[in-house]
Amino acid sequence: MSGRERISSAIRAANSRGGPALVGFMTAGYPSRERFREHLQSIAAGADVIEVGVPFTDPMADGVTIQRASRAALAQGVSLRWILKELAAMRLPVPVILMSYMNPLLAIGLARLCQSALEANVAGFIVPDLPLDESHALRAALAPHALALIQMVTPVTSAARLAQLCDTSQGFVYAVTMTGTTGRSVAVPQTVLDYLDRVRACARIPVCAGFGIRNREQVSLLADHVDGVIVGSALVEVLERDEDPAAWLAALRTDAR
């Protein structure tokens, strides 16, 4: 099964159990480089898909929690090459996606990136600062290996652009729940649910909602409108507090697992 297919299949398998899939985000090497593998395994015990953030000096889409995590990880010497090497030494039971800004990917080189991603069992990528119109080179590099390039949509995305992004996205469509950066707890008014319904109607693959999701109440409100939810800053804070991420993720679930 290709990387793209593994992501979509994991989300649909969670849906078949009666709830939205959980996509758990962590910043690689934070809060401890030495415990990276341990933290990954703990998250894999509670999530259906893992999103590993590549630390970057200018994380423009991220709020204070992930900014703090990125700075600390970089100070510990965490790099994309190190992350890929660590992932290659593991075999996790759920698909792994890398969330990276474009500069680290270009620095390693796209051909080498794809080969290293395959060796590390990476299923796909999210690149927040890469517009669709400028993504041809990366898409062309990933395509022969069937690695996913996941596109992001927002509440202010036009209908025409939404159709284009949904048609191009692979693995799932990332539906940002608000304008702004990650981390702030988001209210879930009817306007957000209506927006998510529009995205879902447009997409041929699963739709996952992200930004500001922190509790089971939010997950329950979103459950009938998306195929998965992405939890990022709140899960990073769980790791900061040295709590059990698997137990925290289990408490978010609305299915009977």
Side-chain angles (χ1 to χ4, degrees), residues 23-40 43 50-88 96-117 119-120 122-139 141-142 147-154 174 176-185 210-214 230-242 245:
V23 181
F25 172 93
M26 70 169 294
T27 298
Y30 183 78
S32 167
R33 172 177 161 136
E34 288 71 26
R35 296 179 67 189
F36 176 54
R37 297 189 196 183
E38 174 194 339
H39 288 149
L40 271 177
I43 294 171
I50 297 177
E51 182 184 339
V52 175
V54 178
F56 186 56
T57 53
D58 188 21
M60 57 186 283
D62 295 308
V64 293
T65 294
I66 297 176
Q67 288 178 23
R68 178 173 68 246
S70 285
R71 285 196 302 270
L74 289 169
Q76 295 180 76
V78 173
S79 67
L80 176 56
R81 287 180 175 84
W82 179 83
I83 294 165
L84 290 166
K85 183 178 178 181
E86 288 293 297
L87 290 173
V96 174
I97 299 162
L98 288 185
M99 198 291 282
S100 177
Y101 293 89
M102 193 61 191
N103 275 3
L105 307 185
L106 291 174
I108 202 173
L110 297 186
R112 181 177 177 183
L113 172 71
C114 292
Q115 184 58 43
S116 297
E119 292 169 0
V122 169
F125 293 84
I126 301 168
V127 188
D129 62 343
L130 181 65
L132 177 63
D133 314 86
E134 299 175 16
S135 66
H136 174 75
L138 181 57
R139 286 189 287 119
L142 298 177
L147 293 167
L149 182 57
I150 295 161
Q151 301 293 335
M152 305 176 85
V153 302
T154 78
Y174 194 132
V176 176
T177 57
M178 59 184 176
T179 56
T181 58
T182 62
R184 293 179 291 119
S185 183
F211 283 39
I213 298 170
R214 288 181 164 271
I230 302 159
V231 286
S233 296
L235 184 53
V236 171
E237 291 163 11
V238 168
L239 294 173
E240 283 182 323
R241 297 191 297 267
D242 201 22

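Worth knowing before you read on, the calculation uses all heavy atoms, side chains too, and leaves out hydrogens, waters and symmetry mates.
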What pairs of donor and acceptor atoms, side-chain ones from residues 74-83 against any protein atom, are under 3.5 angstrom apart with sequence neighbours left out?
unit_1, atom_1, unit_2, atom_2, d
Gln76, OE1, Arg33, N, 2.9
Gln76, NE2, Gly29, O, 3.0
Ser79, OG, Trp82, N, 3.2

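Between Leu98 and the options Ile126, Leu87, Ile50, a side-chain contact (heavy atoms from CB on, under 4.5 Å) holds for only Leu87.
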Exercise. Hey, mind stepping through Val176 and Val153 against side-chain contact (heavy atoms from CB on, under 4.5 Å) and telling me if it holds?
Worked result: CA-CA 6 Å; Val176 176; Val153 302; over 6 Å; no
For this session: Verify side-chain contact (heavy atoms from CB on, under 4.5 Å) between Arg71 and Tyr30, making sure each step is shown before the conclusion.
Result: CA-CA 9 Å; Arg71 285 196 302 270; Tyr30 183 78; over 6 Å; no
For this session: Go through the steps for Val52 and Phe36 under the test side-chain contact (heavy atoms from CB on, under 4.5 Å), then give the verdict.
Result: CA-CA 10 Å; Val52 175; Phe36 176 54; 4.2 Å; yes
Problem set entry | From CA spacing to verdict: side-chain contact (heavy atoms from CB on, under 4.5 Å), Cys114, Leu142 | CA-CA 6 Å; Cys114 292; Leu142 298 177; 3.7 Å; yes
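In terms of heavy-atom proximity, Ser116 sits nearest to Leu84 at CB-CD1, 3.7 Å. For the pair Ile66 and Phe25, the tightest heavy-atom approach, listed with the atom from each and the gap, is CD1-CE2, 3.7 Å. Nearest approach of Ala73 to Ala28, heavy atoms of both residues: CB-O, 3.4 Å. Nearest heavy-atom pair across Leu147 and Val122 is CD2-O, 3.1 Å.
Listed by chain and number, the residues in a side chain to side chain donor-acceptor pair (under 3.5 Å) with Glu134 amount to none (sequence neighbours excluded). With sequence neighbours excluded, the residues satisfying ring-ring contact (aromatic ring centres under 6.0 Å, His included) with Phe56 are Tyr101. Not counting sequence neighbours, Phe125 has no partner by the ring-ring contact (aromatic ring centres under 6.0 Å, His included) test. Listed by chain and residue number, nothing satisfies the side chain to side chain donor-acceptor pair (under 3.5 Å) test with Arg112 (two or more places apart in sequence, or in another chain). The side chain to side chain donor-acceptor pair (under 3.5 Å) check on Ser135 picks up Arg139, with sequence neighbours excluded.
Rounding to the nearest 0.5 angstrom, the gap separating the CG atom in Leu235 from the CD atom in Glu240 is 10.5 Å. Atom-to-atom distance recorded for Leu106:CG and Leu113:CG is 9.5 Å, nearest 0.5 angstrom. Separating the CG atom in Leu110 from the CD atom in Gln115 is a distance of 13.5 Å, to the nearest 0.5 Å. The distance from atom CG of Asn103 to atom CG of Asp58, rounded to the nearest 0.5 Å, is 9.0 Å. Rounded to the nearest 0.5 Å, atoms CD1 (Ile97) and CD1 (Ile230) are 7.5 Å apart. Atoms CE and CD1, from Met99 and Ile150 in turn, are 11.5 Å apart once rounded to the nearest 0.5 Å.
Looking only at side-chain heavy atoms (C-beta outward), Leu40 and Val96 stay at 4.5 Å or farther from each other. The shortest side-chain heavy-atom distance between Pro245 and His39 does not fall under the 4.5 Å cut-off. Leu239 is listed as a side-chain neighbour of Ile43, based on a closest heavy-atom distance under 4.5 Å.
In terms of modelled atom types and a separation under 3.5 Å, the side chain of Ser233 and the main chain of Thr65 share no donor-acceptor contact. At distances below 3.5 Å, at least one donor-acceptor pair connects side-chain atoms of Ser32 with backbone N or O atoms of Arg35.
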